[in-house]
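Data block below; observations after.
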Amino acid sequence: MTAVIMTLFIYDSLNEFKGDHDKKVATLMAFNQENYLQHRLIMNAMRSFFKSSEGVKKAEFEVFTQELLGERKALLFTLTPELTRGYISDDRDLEQLDSLVINLDKAGNLSGVLPHYQLIVLDIDEPNMPYLFYGIPLENLFFNINKLKGTCLKYSSSQLSAESQGCGIQLASMLSGMFRYTTDLDISIPEYNFYYTLGVESELRSSRLIEFMCMVLAILFICVLVFVLLYFKLVNKHLFNRIERENKFNVAMVSSINHEIRTPINALLGYSQMLRGMPKISDEHSVIIDKMLWSANLLYSVAENTLNYSKSTTSTLVLNNAPINTRQCIDNIHDYYNKLSIPAGKTLNFHISDKLPAVISVDSSKLFQVITNMINNALKYSTGKAVCCHIDICQRTGFNEESIIRGYYLRILIQDSGLGMSKSTKELLINPFTVDAESKLKQVSSIGLGLYTCNKLLAQIGGKLRLHSVKNEGTKIMLHFPCQFDSSSLSQQSKSVNYCNMRILIVDDNSFNLEVCNAMLVEKQFNTVCANSSKVALSQFVNTEPDVVIVDYQLDEMNGLELITKMKCIQANAQTQYFILSANDKNEIADSECHPDIYFMQKPFNTAIFLSCLGKNN
Amino acid sequence: MSHNTRDNLRDFFNRYSETRRLSLYQALVKELGNIRGQTKCVDSTDSFNSLKHQFKGICRYTCLEFDAQIDAIMTPAQLYSAVDNMFGHAVAIEDEL
């Protein structure tokens, strides 16, 4: 690439230099043409002078020639048939004629040589002086040439060779000699037997040469620079790809480790719970079990944070929104702390706004993680005794600067009445693993990941974590967690809808689950039909032609999806709405993505969630 | 506000009308009895997991579910113990319904 650019540049520059030289040649040709015409004019005038006069006298010759030549330093003189001196235009030049050499060849042609003069012989119509010599001095030959810098003019004829003053200087410059151009012009005046060659040599001026060399070096430098930058860009791209691969590998590794860690932690939690439920547990042992539960939960939280930290640093966090029963979700958090037995002497109070809708669409696992993380921090690190958690919903524009769309956010305020956070502890928001050397709670173990992870997590999912801590007053943490809420569904819920005309077929091979689900729907006045096996379900389906079918995923002979597929084949009623009920998450069910028209609900069956999905197109 | 299993069962049944309670109770006892009976003769991991899954479903409906506790069940003996424990609590509150 560099070679191509350089070649193009040099080719263009050489063309330009050659163009400059051609211009100089054209200029010199113009000067020469002027001289040529003047000489020709003088010679013609002399011929006419002798032709029109008879017996030209010396005085007449002198007057005429001096008038004709004017300021020119040329010579005009005549020779007798015996080749002796005749008239001369100016007697002061007589001495110069001493060195005149006359030559008469066999053909009778006369020629002469006079140093520093180019002599032209003219035959004139004067019997006493038949030969007229016109001597052009060298300085006249190079007339005006010195005005063109960097140009050398070489004059060459049969009588003399000469060159202008600039030629010697040019030769001394070797570098510019590389850019030297030569043109030879053959000029002739045949009627006067006058032939000569004018050689024009020009070379690049030093300033142009410096400019050219600077440009070459600059192009070389820029090309090298561009190549170096491209090289580093490629290296960086490779590095970036490698880091991305390593990040993915790290997340996969952390996920795998996290999964392996959580299993024994769950076992520890479960056994501790079982142990606490056993009879004859003394108060002393109960306290120890509570501590075990608390520690195991913190360990679980650390494992979750580690996974989310890895995901947040590689921007792979995604929201998995699903409709949830708001009250039940908050009750789960409440129960979590009830079962944990929070640290001695501390209290945790929840204040739930009445404005909270019954059903919202939210990533419940991340919401649970963020809220418990912040409450755990308050319980663990705050020196105050009371921790309060206020939860409500608000509508506002996004936290992203460009965002103008108003969305719904769960607003969670967690407040404690401790001594407040130190400056270095606040830095945990943006800088994980910071250790507060001045903290009075140094003995409390911490890796400083929770606050940072929650902040990062909220930022990535479009939420916001705000921290306000005042010394000796306590800390307030405001969380804005994005959620989706269809306000029209609330108004629909508030209306008393009559569902008695809606037939629902419930299929579950577990009679208790079937009975509970049935009881919940009957309470809402639905017209229900129950089936405890897939065979009975297909039969009931044909007989009742239900509007809605709710199927347990794990059945005796086939799974829920297979049963629904069979039902769709039996009946062409496209209005039937299908629900799958499973203990697992939708993502854990194979082929769930292939059935976009089927609603997946997690057990236990929840009437509010069911009603929010009823009549909607998935 | 710590509820034990029996309180949770009471809370669960109290949500429904008296006529509905009985059928729900009978269904619960029947299912728990089935699971307990099948747990005794478990012969494969799949059948064990299926019974554990059924028990987990019941626990969720009765709001007794504590994932960690269910996850801690690793052997048929532990499952039998947990189901039997719940069965005992259910039988104990029969007169209150």
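Sequence lines set the chain letters: A, B, ... in the order given, protein chains first and strands last, and positions in each chain run from 1.
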### Task
For A:F512 and B:F87, run ring-ring contact (aromatic ring centres under 6.0 Å, His included): C-alpha distance rounded to whole Å, both residues' side-chain angles, the deciding distance at 0.1 Å, then the answer.
CA-CA 13 Å; A:F512 175 70; B:F87 186 82; over 10 Å; no
Side-chain donor-acceptor pairs of residues 513-523 of chain A under 3.5 Å, sequence neighbours excluded:
residue: A:E515; atom: OE2; partner: B:R20; partner atom: NH1; Å: 3.4
residue: A:E515; atom: OE2; partner: B:S23; partner atom: OG; Å: 3.2
residue: A:N518; atom: OD1; partner: A:T528; partner atom: OG1; Å: 2.6

#### Entry: Under 4.5 Å from a heavy atom of chain A, the part of B:F12 involved
side chain
### Query
How long is the span from the CD1 atom in B:I58 to the OG atom in A:S511, to the nearest 0.5 Å?
8.0 Å
### Task
Under 4.5 Å heavy-atom distance to chain A, tell me which part of B:Q78 shows up: side chain, backbone, both or neither.
side chain
### Between CG on residue A:N510 and CD on residue B:E31, distance to nearest 0.5 Å
3.5 Å
